[in-house]
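Have a look at the structure below, then the notes.
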Amino acid sequence: MRLLSFAFLAFTAFLQCGGTVIDVTSRTNIPLELEKRNVTLGPRDERVDCYNIGTTTTRDRLKFAADWYCENRISHGITVESGGFDKEIIAFGDPWVVYVYAYNINGCPAWTINDNCYHILYAIMDNCNTDTVTAKQGGELWDPCGHWRLDPGNWDYEY
């Protein structure tokens, strides 16, 4: 029984830190091999930290930046190596910018940015400054293998 428990924990860790980011909160993104095995996956640990200070922008602009980033990275098959990162400053012709950052943490194997990118960036956008759509300040999301940022106005940090 102890070996079975260890195997399940190891399998869960593999899924959370595997070759691609898997949205385990939705059965639509579970790989076909798991569907065939009838495996039920629970939600992974995610923590959103909101800035609640600094530059603000509208939800529409954050959504535009999040959508642009995810579409661009997915279409180019961007992979984030263990300990590596992908980041972008998205500027749209007026003084505002949005900084988007994806960092592979905790020694996890490389993962490819996929449709879960939307889930992650929308979680930041929609769980911070929930009382407004006109003064969003962004934040960060942490999961076992990733640290993501959606940050309006912080265009020079670590870039």
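Predicted model only: the values in this text are computed from it and were never measured. Worth knowing before you read on, the calculation uses all heavy atoms, side chains too, and leaves out hydrogens, waters and symmetry mates.
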Q) When you look at E140 and Y51, which way does the side chain to side chain donor-acceptor pair (under 3.5 Å) test go after all the steps? A) CA-CA 8 Å; E140 304 177 15; Y51 294 138; 3.1 Å; yes
Please check if the side chain of [X] supplies one atom and the backbone of [Y] the other of a donor-acceptor pair under 3.5 Å.
| X | Y | answer |
| --- | --- | --- |
| N106 | C108 | no |
| N129 | T132 | no |
| K136 | C128 | yes |

Might you point out which heavy atoms bring [X] and [Y] nearest each other, and give the distance in Å?
| X | Y | value |
| --- | --- | --- |
| V98 | L150 | CG1-CD1, 3.7 Å |
| A102 | W111 | CB-CH2, 4.1 Å |
| G83 | Y103 | O-CE1, 3.1 Å |
| R47 | D49 | NH2-OD2, 2.9 Å |
| L141 | A123 | CD1-CB, 3.8 Å |
| I124 | G138 | CG2-C, 4.0 Å |

Q. Run the side chain to side chain contact (heavy atoms under 4.5 Å, CB included) check on K63 and Y122 step by step: do they pass?
A. CA-CA 7 Å; K63 183 179 181 308; Y122 282 33; 3.4 Å; yes
Set of residues satisfying side-chain contact (heavy atoms from CB on, under 4.5 Å) with respect to [X], sequence neighbours excluded:
| X | answer |
| --- | --- |
| T56 | A135, Q137 |
| D86 | Y69, R73, I78, V80, I113 |
| T58 | D60, R61 |

Q: Carefully, step by step, assess D115 and C117 under the rule side chain to side chain contact (heavy atoms under 4.5 Å, CB included).
A: CA-CA 5 Å; D115 285 340; C117 177; over 6 Å; no
Next on the checklist: Can you confirm whether the side chains of H76 and E71 place a donor and an acceptor under 3.5 Å from each other?
Outcome noted: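 Judged by distance alone, the side chains do not pair up.
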- request: Check the angle between the aromatic planes of Y101 and F85 and answer parallel, tilted or perpendicular using the 30° and 60° thresholds.
  value: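 Correct class here is parallel.
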Using the side chain to side chain contact (heavy atoms under 4.5 Å, CB included) rule, take C70 and N72 through it: C-alpha gap first, then chi angles, then the decisive distance, then the call.
CA-CA 5 Å; C70 293; N72 179 274; over 6 Å; no
request  = Go through I90 and V100 one step at a time and tell me if the side chain to side chain contact (heavy atoms under 4.5 Å, CB included) criterion holds.
outcome  = CA-CA 8 Å; I90 303 168; V100 184; 3.9 Å; yes
